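Treat the numbers as computed from the prediction; the structure is a model and nothing was measured. Only this structure's heavy atoms are used, side chains among them; waters, hydrogens and symmetry mates stay out.
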Amino acid sequence: MGTGSESNGWSRAQGLVTKTLVLIGGAILVKRFTKSTTRWDHARIVAQSISGEKFSREQASRDPDNYFNIRMLTCPAAEMVDGSKVLYFEQAFWRTPQKPFRQRLYMVKPCPKELKFDVEVSSYAIRDAEEYKNFCDRPKDQRPPPEEVIGDIAEHLATIHLKRCDRGKRCLYEGSTPPGGFPNSWNGATYCTSELAILKNSEIHTWDRGYDDDGNQVWGAKDRPYEFKPAPVSSSNDMFSPSNFPAPQMMEKRIEGSFVLQE
């Protein structure tokens with residue numbers, strides 16, 4: 001009789017311990033999944049989403065008269081003392097990736113709380129851009145080191161303020177430059193504006209436009225943003241089909257006024 005009572009008591013105790021552990025584990029999981037995303041978490045997500053190799057191939061195939069197949073390549077380059085991420089960014093025509101026509105350093109960090117946005121992405125010129133060509137394609141020991149990258153951050157060009165997208169939308173973050181944009185003198189412009197959307201499928205939409213004193217658009221895509229998508233590995237061979245690239249004379253005609261060449 002005594003042995004049976006002890007056995008039942010021990011079983012009940014084990015059951016209580018098991019239930020307690022389950023409850024504690026559940027509480028930990030609930031806390032983990034309901035934990036609010038911090039401002040620095042937002043900045044990290046944006047920096048990771050921007051990074052990588054992406055192409056506007058599909059858009060160029062749909063609308064070859066207005067969009068080029070551009071390779072956009074971005075990767076981490078340094079980190080500031082305050083935790084801001086510095087990324088190297090370049091764009092090139094897909095068949096000449098070794099000759100980028102646009103090079104920038106991006107700084108990604110949380111927005112000041114008073115702005116009521118989540119992340120700001122600022123673009124800067126590079127002191128000696130030639131040294132940075134194909135930065136992301138090189139082995140890390142052949143790239144300018146982080147301290148040199150920070151020292152080569154030159155003129156501030158523009159800043160985009162991003163906000164997390166509402167639930168149910170295709171995007172993760174979207175935003176633009178402040179009203180009035182930033183000074184820009186390329187191709188007759190006096191100021192420029194930029195829009196950026198980061199989609200859930202790692203797709204990036206960018207829309208840069210330049211305007212003159214009268215508000216007339218003088219460069220940039222007219223109808224919609226450029227759409228950059230990660231290239232599927234299986235389609236890499238198809239990308240080099242001659243049908244995916246216009247004849248040289250067509251290129252020269254279309255290249256004038258394209259946003260991708262603006263400085």
Are D208 and R104 within salt-bridge range, i.e. N to O under 4.0 Å? no
Test log, rule side-chain contact (heavy atoms from CB on, under 4.5 Å), inputs R224 and Y67: CA-CA 10 Å; R224 66 184 73 88; Y67 296 90; 3.0 Å; yes
Pick out which of I153, L157, I150 makes a side-chain contact (heavy atoms from CB on, under 4.5 Å) with L105. I153
Do E58 and E203 pass the side-chain contact (heavy atoms from CB on, under 4.5 Å) test, and can you show the C-alpha distance, the side-chain angles, and the key distance before you say yes or no? CA-CA 12 Å; E58 291 184 21; E203 188 174 336; over 6 Å; no
Would you say the side-chain atoms of K229 pair up with the backbone N or O of N201, donor to acceptor, closer than 3.5 Å? no
Just by modelled atom types, is the G151 backbone N or O under 3.5 Å from a matching donor or acceptor in the R127 side chain? yes
Check whether any side-chain N or O of T177 sits under 3.5 Å from a backbone N or O of S194 as a donor-acceptor pair, and report yes or no. yes
Counting C-beta onward and ignoring hydrogens, is there a side-chain heavy-atom pair between L172 and C165 closer than 4.5 Å? no
For residues 77-89, tabulate all N or O donor-acceptor pairs below 3.5 Å that involve a side-chain atom, not counting sequence neighbours.
residue : atom : partner : partner atom : Å
E79     : OE1  : K85     : NZ           : 2.9
D82     : OD1  : S84     : N            : 2.9
D82     : OD1  : S84     : OG           : 2.8
D82     : OD2  : S84     : OG           : 3.2
Y88     : OH   : E90     : OE1          : 2.6
Y88     : OH   : Q103    : NE2          : 2.9
Y88     : OH   : Y132    : O            : 3.1

Could you check H205 against L199 for side-chain contact (heavy atoms from CB on, under 4.5 Å), going step by step and ending with a plain yes or no? CA-CA 8 Å; H205 290 185; L199 277 59; 3.9 Å; yes
Are F93 and F101, when compared by the centres of their aromatic rings, separated by less than 6.0 Å? yes
Treating D212 as the side-chain partner and V218 as the backbone partner, does any N or O pair qualify as donor plus acceptor under 3.5 Å? no
Side chain R71, main chain E53, donor-acceptor under 3.5 Å: no
Would you say R143's side chain and R138's backbone share a donor-acceptor pair under 3.5 angstrom? yes
So the side chain to side chain donor-acceptor pair (under 3.5 Å) pairs with at least one residue in residues 153-163 (sequence neighbours excluded) are S122-T159, H156-T159
Please check if the side chain of W94 supplies one atom and the backbone of R57 the other of a donor-acceptor pair under 3.5 Å. no
Whether D118 side chain and R164 backbone form a donor-acceptor pair below 3.5 Å: yes
Would you name the heavy atoms of P100 and N134 that are closest together and state the gap between them? CD-ND2, 4.2 Å
